[in-house]
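For clarity, every value in this text was computed on a predicted model and none was experimentally measured.
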Amino acid sequence: VRERRLTVPAEAERLPALREFLHAFWQEHGLPEGEAYPFELALEELFVNVVAHGGSGRSVTVCLLHAAGVVTFGIEDDGPAFDPTQLPPPAVEARLEERGIGGQGVHLVRRLMDRVEYRRHAGRNALTASKQVLR
Amino acid sequence: MNVGIENSAQVTVVLPQGRLDFAASPGFQAELEQAIADGTRQGVIVDCAALDYVSSAGLRAFLVAAKAAQRAGRYFGLCNLKPGVREVFDLSGFSRIMPVHADRVAALAALASAL
């Protein structure tokens, strides 16, 4: 079981650094390139959510864990309580004229990952998303 | 992100390259809207052969463009989606609200028969 953590300010400009952190972890663990997409998406969607809901001046901690072929991505922040798993699902059956974009990011993360869980603990939001990438 | 543009008499083909993420989406959306606003052509096809990644922010650009094309009476379709990008279009329902073709030949044929 090996874990890596990185803390950055809650600013959208930090996304490229977080992506590099993810790619370094992927290479360090020799994980298949074709399995990285759901984690890149979770990183972007959940980090952008924290930036949008938590406001600036706060920090965000991202962690990655690989154990027995399962990778777990975690993101924690000290912003106001916000559980994105409680957002209503997007109207994926709606026609073009009726479609909006709200809620799409979290919906995609939930569909692409095996598990997504939210906890509020000690004044922090903690969201984890995990998926089996090796068998 | 780099976005290639190929114009012929009937169609503008837009070729996004690399990652269509939160940072790249506004510029890409502007490229699509400009191509759709060009009244001398019948429509726009986005050839996604070199598109590696799309997030919900990238989907937003496609949605805005599809709606603009519908209002303008122009064809708007996609082709050549890589598997990861295709999965995002399928899970979001976007491959049901805008035409997604296997390749550029199929997309051009659909444009020709739609107008």
Is [X] atom [atom1] crowded by more than 12 heavy atoms from other residues, nucleotides or ligands, each under 6.0 Å away?
X	atom1	value
A:R120	CZ	yes
B:R41	CZ	yes
A:Q132	CD	yes
A:R124	CZ	yes

*asked:* Between A:E44 (side chain only) and B:S55 (backbone N and O only), is there a donor and an acceptor less than 3.5 Å apart?
replied: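 Judged by distance alone, no pair lies under 3.5 Å.
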Answer whether the closest heavy-atom distance between the side chains of [X] and [Y] falls below 4.5 Å.
X	Y	answer
B:D52	A:Y37	no
B:F94	A:L96	no
A:L108	B:L59	yes

_For B:V54, which atoms come within 4.5 Å of any heavy atom of chain A: side chain, backbone, both, or neither?_
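Interface part for B:V54: both.
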*Hey, quick one: are B:V64 and B:F89 part of the same hydrophobic cluster, counting side-chain heavy atoms closer than 4.5 Å, chains of contacts allowed?*
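No, B:V64 does not connect to B:F89 through the hydrophobic network.
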*With the 4.5 Å side-chain cut-off for hydrophobic clustering, are A:V109 and A:V70 part of the same group?*
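Cluster IDs for A:V109 and A:V70 differ.
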*Which heavy-atom pair separates B:I97 from A:R95 by the least distance, and what is that distance?*
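Scanning both residues completely, I find the closest heavy atoms to be CG2-C, 4.1 Å.
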_Please classify the contact between A:R19 and chain B as side chain, backbone, both or neither, with a heavy-atom cut-off of under 4.5 Å._
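The side chain, not the backbone.
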_Taking side chain as everything from C-beta outward and backbone as N, CA, C, O, which of these in A:E13 sits under 4.5 Å from a heavy atom of chain B? Side chain, backbone, both or neither._
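When you check distances to chain B, no heavy atom of A:E13 falls under 4.5 Å.
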_Straight-line distance of B:L91 CG to A:R110 CZ, nearest 0.5 Å_ =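 Atom-to-atom, B:L91:CG and A:R110:CZ are 13.0 Å apart.
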_Are there residues of residues 18-31 of chain B whose heavy atoms fall under 4.5 Å of chain A's heavy atoms? If so, which?_
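Listed by number, the contacting residues are B:R19, B:D21, B:F22.
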